[in-house]
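Worksheet: the structure to be examined is printed underneath.
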Amino acid sequence: MSTQILERPETTDADTGPEMFHYVRKEKIAESAVMGTFVIALCGEKFPVTKSPKPGSPVCPQCKEIYESMKH
């Protein structure tokens with residue numbers, strides 16, 4: 001009989017509310033979608049790109065505020 005260690009990704013069952021989309025560097029989006037690398041949003045959140053936002057999708061309020069302040 002052998003002992004094996006199984007690794008599993010961290011999962012949560014908590015309802016985090018509606019999915020929000022974040023502002024990230026445009027040149028990193030395709031790389032993340034293809035290679036699975038993580039991107040860093042303006043708000044500091046790190047994640048791999050797995051979905052494209054549709055018009056009217058909710059946007060992270062922190063990202064939106066930072067983006068708006070950069071435009072001026």
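Start at 1 with the first residue, then count along the sequence.
- Partners of Lys51 by salt bridge (Lys or Arg N to Asp or Glu O under 4.0 Å), not counting sequence neighbours, listed by chain and number: Glu19.
- Cluster annotation: Ile40 is not connected to Leu42 through the hydrophobic network of ILVMFWY side chains, with a link wherever side-chain heavy atoms come within less than 4.5 Å.
- Formation of a donor-acceptor pair under 3.5 Å by the Ser32 side chain with backbone atoms of Val49 is found in this model.
- Residue pairs satisfying the salt bridge (Lys or Arg N to Asp or Glu O under 4.0 Å) criterion with at least one member in residues 23-44, sequence neighbours excluded, are listed as follows: Arg25-Glu27.
- Going from atom CE of Met20 over to atom CD of Glu45 covers 9.5 Å, rounded to the nearest 0.5 Å.
- Residues Tyr23 and Ile66 are members of one and the same hydrophobic cluster, defined by side-chain heavy-atom contacts under 4.5 angstrom among Ile, Leu, Val, Met, Phe, Trp and Tyr.
- The minimum heavy-atom distance between Pro48 and Gly36, with the atom names listed, is CB-O, 4.0 Å.
- No continuous path of ILVMFWY side-chain contacts below 4.5 Å connects Val24 to Met70, so the two sit in separate hydrophobic clusters.
- Residues Cys43 and Glu65 are not in side-chain contact: their nearest non-hydrogen atoms beyond the backbone lie 4.5 Å or more apart.
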